[in-house]
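Accompanying notes for the structure given below.
Quick note on labels: first sequence line is chain A, next is B, and so on, each numbered from 1.
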Protein chains: 2
Amino acid sequence: MAATPPGDGVDAIIRQWQEVRPDLDCSPMAVIGRLSRASRLLERALKEHFAQYGVEPWEFDVLATLYRSGPPYTVSAGELSTAAMVSSAALTNRIDRLVDKDLVDRELDATHRRRVLISLTDAGIRAIEDLVEHHLANEERLLGGLAPTERKQLERILRTLLISLGDQPQTPTKD
Amino acid sequence: MAATPPGDGVDAIIRQWQEVRPDLDCSPMAVIGRLSRASRLLERALKEHFAQYGVEPWEFDVLATLYRSGPPYTVSAGELSTAAMVSSAALTNRIDRLVDKDLVDRELDATHRRRVLISLTDAGIRAIEDLVEHHLANEERLLGGLAPTERKQLERILRTLLISLGDQPQTPTKD
DNA sequence: GTCGAAAATTTCGATGTCGAAATATTAACC
DNA sequence: GGTTAATATTTCGACATCGAAATTTTCGAC
């Protein structure tokens, strides 16, 4: 039997398709399949890393969104929901648990009382300041297989893709 | 107020980080953040598209894995589980529902009776043959924002990344 | 000013996934 | 050849997410 040609998991999949259905152009799968596969692998690696600090990826996500908004580290529930790309129901649940851990506060917006404002507590600030450096080091490690040029290219092409998919800068609630 | 500089959602995030913590090098986020964001958006778009045909993405995934294995379109449960990157428990559940829909059969491997073999039924074959073409057209559409060169570059860089993350061609269970 | 539509969050019920334990089968070892 | 370890799948309990309905507040029309 011939040696398996080198490549990743997606190469094998494309090869299978060409055997079975040589009439199909599977090139879109070669891109989208890799994107979703890479994302899944990275998700796992991040989860594993955060576990060392007793934190779930979604916790880091919420804390980081609050932190990078700058003092007073306050963001509305709705903005957190779109930033994390999860439903408002999911976000309510996340905030419940972060409040229990005393990492965030939840209070009604004084001027627009249907909005709920979430803020980092002091403990929350300390937590994210500690976590973010480890997180960046970990992400750096995970990208270690790419040359600097490749990273830049990847970044640029993904930006183009995101824009074409309708991704937009988050507009900080006006009013 | 200055006009918002152009870019995607991640550009805005990186800018926020530089405001709050100019001492940090956030460049890894510019890559990994975009990867996970793009993957999430694509997932949604695929789900929406499949919904037109009354199908969930995971159903397509399982059927496609079976189909591209070639006649007799039979794969073990374990292989399906690793191909889909979900737990064996999740896969048992998926197969249950596909069996209910008469799209796949489940039978014990005669020679290794602890293995379970999943096969496409005739209806399953017809379903995937119909779906795959629409799916490829849809993926092509979703990638429409990238120039052919960019697609090739993206593909190549993601392959490099996947390999460095430990992704491997699936070894078809040796006996 | 009041009524109804729009907006923001929470609640609720359903569902899909995970990890761990249970079950069944095969392989290995002495 | 019988006990033990390894392999493959299913079952079980817990949990996070989603979409839709409910709740509360704000805005606009008249």
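- Around CG of A:Asp23, the count of heavy atoms belonging to other residues, nucleotides or ligands within 6.0 Å exceeds 12.
- Residues meeting the salt bridge (charged side-chain N to carboxylate O under 4.0 Å, His left out) test with A:Glu139, sequence neighbours left out: none.
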(request) Begin from the C-alpha positions of B:Arg156 and A:Glu150 and carry the test salt bridge (charged side-chain N to carboxylate O under 4.0 Å, His left out) through to its verdict. (result) CA-CA 10 Å; B:Arg156 185 185 60 73; A:Glu150 291 175 320; 3.3 Å; yes
(request) Please assess A:Arg21 against B:Glu133 for the test salt bridge (charged side-chain N to carboxylate O under 4.0 Å, His left out), listing each intermediate value before the final yes or no. (result) CA-CA 11 Å; A:Arg21 289 292 300 271; B:Glu133 309 213 14; 3.4 Å; yes
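- In the model, A:Glu43 has no side-chain atom that pairs as donor or acceptor with a side-chain atom of B:Ser36 under 3.5 Å.
- Rounded to whole Å, the distance from CG on A:Leu80 to P on C:dT10 is 11 Å.
- For the contact set between residues 89-99 of chain B and DNA chain D, defined by any heavy atom under 4.0 Å, the members are B:Ala89, B:Thr92.
- The residue among A:Ser88 and A:Asp109 whose nearest nucleotide of DNA chain D is located toward the 5' end is A:Ser88.
- Annotation: of the two residues near DNA chain D, B:Ala77 and A:Ser87, the 5′-most nearest-nucleotide partner is B:Ala77.
- Separating the NE2 atom of B:His112 from the C1' atom of D:dA6 is a distance of 14 Å, rounded to the nearest angstrom.
- Following rounding to the nearest Å, A:Arg114 (CZ) and C:dT11 (P) show an atom-to-atom distance of 19 Å.
- B:Arg159 contributes no side-chain N or O that, together with a main-chain N or O of B:Glu155, makes up a donor-acceptor pair within less than 3.5 Å.
- Atom CG of A:Leu108 is separated from atom C1' of D:dT24 by 10 Å (rounded to the nearest Å).
- Rounded to a whole Å, the CG atom of B:Leu117 is 15 Å from the C1' atom of D:dT7.
- At a threshold of 4.0 angstrom between heavy atoms, the contacts of A:Thr111 are confined to the sugar-phosphate backbone, with no base atom among them.
- The aromatic rings of B:His135 and B:Phe60 sit tilted, their planes meeting at an angle between 30° and 60°.
- Note: CG (A:Asp100) to P (D:dC15) measures 13 Å, nearest angstrom.
- Of the inter-residue distances, the one linking A:Leu80 atom CG with A:Ile95 atom CD1 reads 5.5 Å to the nearest 0.5 angstrom.
- Using a 30° and 60° split on the angle between ring planes, B:His49 and B:His134 fall in the tilted class, from 30° to 60°.
- Between the side chain of B:Arg113 and the base of C:dT25, no donor-acceptor pair of N or O atoms lies under 3.5 Å.
- Residues from residues 32-50 of chain A placing a heavy atom under 4.0 Å of any atom in DNA chain D do not occur.
- For D:dG2, the paired base is C:dC29 (Watson-Crick or G-U wobble, both distances below 3.5 Å).
- In this entry the distance linking CD1 of B:Ile118 with P of D:dT9 reads 8 Å, nearest Å.
- With rounding to whole Å, A:Arg106 atom CZ is found 12 Å from C:dT11 atom C1'.
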